[in-house]
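Notes follow the structure.
Each chain gets a letter, A, B and so on, in the order the sequences are listed, and its residues count up from 1.
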2 protein chains.
Amino acid sequence: MTLALVGAIEAGGTKFVVAVAQPGGAILERVRLPTEAPGQTMPQVVAFFRAAAARHGPLGGIGVGSFGPIGTDPGAAGYGTILHTPKPGWAGTNYRDWLAPLGLPVAVDTDVNAAALGEWLAGAGQGVDTLAYTTVGTGIGTGVIHRGRPLGGFGHYEAGHIRVAHDRLRDPFGGVCPYHGDCLEGLASGAAIMARHGTGLDRLADPAEAIALVGGYLADLAVNLVLLHMPDRLIFGGGVMKAPGLIATLRRETERRLGGYLVHPRLDPGLERYIVGPGLGDLAGITGAIELGCRAAREAGGPG
Amino acid sequence: MTLALVGAIEAGGTKFVVAVAQPGGAILERVRLPTEAPGQTMPQVVAFFRAAAARHGPLGGIGVGSFGPIGTDPGAAGYGTILHTPKPGWAGTNYRDWLAPLGLPVAVDTDVNAAALGEWLAGAGQGVDTLAYTTVGTGIGTGVIHRGRPLGGFGHYEAGHIRVAHDRLRDPFGGVCPYHGDCLEGLASGAAIMARHGTGLDRLADPAEAIALVGGYLADLAVNLVLLHMPDRLIFGGGVMKAPGLIATLRRETERRLGGYLVHPRLDPGLERYIVGPGLGDLAGITGAIELGCRAAREAGGPG
């Protein structure tokens, strides 16, 4: 049986990456579109899939990894619907409605769950049973892959909003989260760093204290992930993590906070094997979205 | 086909509850044994199962819910082995070795995962997709049931050791955790309360401030559970939770910390339906252990 091709969308706050790929992941064609209002962007996405299918062959399913919050429960009415978002026009938008004219099964998950799935399939998380992938960019999010599937409960995880130990004597900055002020995202995201320091970590003349602060806050997340998911590996990616020295600080502070309580071969001394950067870089999200599309095709029992 | 009976062990720090039950959960016979050294306790357990099987019929499997930390990965060499523990003689003990003379499939999980499973099957968590069950007693632990199975990664969860926001001006107590000092268990467990207040919450003349403190620390756990597992329900049980007003404080502080960020029908205003006490009381652990035994029997393809 010939497996059908799949369509994939990585929907970000500023751009959409849209691709048609072989079920094994090889991308045949890809475009980038600016994230405008849904009425501008989504018809271009549909037109791309139609044109690409005409050139390469029929699609069996479409996978979407999108900014959120978004409905990710295939059994619920709001599956594929973007919830509250400041992006004009996107709140209430449902990907499945926009893609319905294509007549294909559609699977939707968050951008970070798609990237986590991509890293698990083909990146730095290959072959592990439980993987936690965190992106530290404008916002902070974590996707947990357990036995090949993104975990979630009544909704997708919101790891960016955990409380962290905020010592206001050391860091008087109040945080930027409109809901919580000084939650993790409020203190350690790219937006928080810009607000506190006026520039990115990589452009500070003397970044040592900023790296120590941000690394410590991220270590609070790493420790929570360990204690509440016991992942086989933690991947930390995103623009903020590119700051020199940050991942080393994160490893050191995580190990210090764990305090020797957990003894397990997974937790190597120094955590250099346990806490790692991503393997796929900017390709993690679209790789995961392609896999979501493959699964949608298989589960629909279609030609894929 | 007649389903075989199952054996179940709820292994606690001070007592063992050992039972023989029908696969549907009805207990036919039950004993309590003091937790002595394994060489004293375990032969009595084996003798009980032998005698009960002679009276009621053959067993198809045995389920164990035990104090830990303990190996819970059926694919690993240390499955069923108790790791470090201060209880004399128990470190390194493997339940499967002690039960091997019975020639039955044995499933082992933590006491809190077994209780979580029991509450999911027959208690306050019936019918939900994702359930987090926390016990607040001498120690603090959480089991998460997702689609009928306890979740875990390279080991079982250790929710008791998360960091919480510790304001030393308000609460100068340094905490009792030998590893972390003022982690959640160090500040809010029954042992911590005894060390800080000299008595239990229910015996304080004016418990308001103590209830507020402990409820706030537990709310830090509840928020982490929500953000990192999005459970459909949180159950909080154990001796400490019996203190009047504590669960109300926990609900209020959890809602306050979530700050209105999550809007979902599961999160009722006031959280009275979301955060609840256990439904089975002291029977949760043995109920879950019986289910573990049933599953061991089924997965072994035996007469059960």
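For B:L262, the part sitting under 4.5 Å from any heavy atom of chain A is the side chain, from C-beta outward, and nothing else. Residue A:L131 does not touch chain B at all, counting heavy-atom pairs closer than 4.5 Å. Contact annotation for B:L83: neither backbone nor side-chain heavy atoms come within less than 4.5 Å of a heavy atom of chain A. Both the backbone and the side chain of B:L228 come within contact range of chain A, with heavy atoms under 4.5 Å apart.
Every pair tested for salt bridge (Lys or Arg N to Asp or Glu O under 4.0 Å) that includes a residue from residues 221-231 of chain A fails, sequence neighbours excluded, so the list is empty.
Most heavy-atom pairs under 4.5 Å with chain B, from the set A:C177, A:G160, A:G181, A:G152: that is A:G152. For chain B, the option among A:V263, A:V223, A:L151 with the highest count of heavy-atom pairs below 4.5 Å is A:L151. Of the listed residues (A:P69, A:G155, A:P265, A:P178), the one with the most heavy-atom contacts under 4.5 Å to chain B is A:G155.
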What would the table of donor-acceptor pairs between chain B and chain A look like if you include every N and O pair under 3.5 Å, whether backbone or side chain?
from: B:F154; atom 1: N; to: A:M230; atom 2: O; distance (Å): 2.7
from: B:E158; atom 1: N; to: A:L227; atom 2: O; distance (Å): 2.9
from: B:E158; atom 1: OE1; to: A:Y261; atom 2: OH; distance (Å): 3.0
from: B:E158; atom 1: OE2; to: A:Y261; atom 2: OH; distance (Å): 3.4
from: B:H161; atom 1: NE2; to: A:Y261; atom 2: OH; distance (Å): 3.4
from: B:R163; atom 1: NH1; to: A:D220; atom 2: OD1; distance (Å): 2.5
from: B:R163; atom 1: NH1; to: A:D220; atom 2: OD2; distance (Å): 3.4
from: B:H180; atom 1: NE2; to: A:L258; atom 2: O; distance (Å): 2.8
from: B:D220; atom 1: OD1; to: A:R163; atom 2: NH1; distance (Å): 2.5
from: B:D220; atom 1: OD2; to: A:R163; atom 2: NH1; distance (Å): 3.4
from: B:N224; atom 1: OD1; to: A:N224; atom 2: ND2; distance (Å): 3.4
from: B:N224; atom 1: ND2; to: A:N224; atom 2: OD1; distance (Å): 3.4
from: B:L227; atom 1: O; to: A:E158; atom 2: N; distance (Å): 2.9
from: B:L228; atom 1: O; to: A:H229; atom 2: NE2; distance (Å): 2.8
from: B:H229; atom 1: NE2; to: A:L228; atom 2: O; distance (Å): 2.8
from: B:H229; atom 1: NE2; to: A:H229; atom 2: NE2; distance (Å): 3.4
from: B:M230; atom 1: O; to: A:F154; atom 2: N; distance (Å): 2.7
from: B:L258; atom 1: O; to: A:H180; atom 2: NE2; distance (Å): 2.8
from: B:Y261; atom 1: OH; to: A:E158; atom 2: OE1; distance (Å): 3.0
from: B:Y261; atom 1: OH; to: A:E158; atom 2: OE2; distance (Å): 3.3
from: B:Y261; atom 1: OH; to: A:H161; atom 2: NE2; distance (Å): 3.4

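Side-chain contact between B:V128 and A:F154 is absent, with no heavy-atom pair separated by less than 4.5 Å.
By the side chain to side chain contact (heavy atoms under 4.5 Å, CB included) test, A:A248 is found to be paired with no residue, residues two or more places apart in sequence or in another chain being considered.
Considering CG of B:L258 and SG of A:C183, their distance stands at 11.5 Å, rounded to 0.5 Å.
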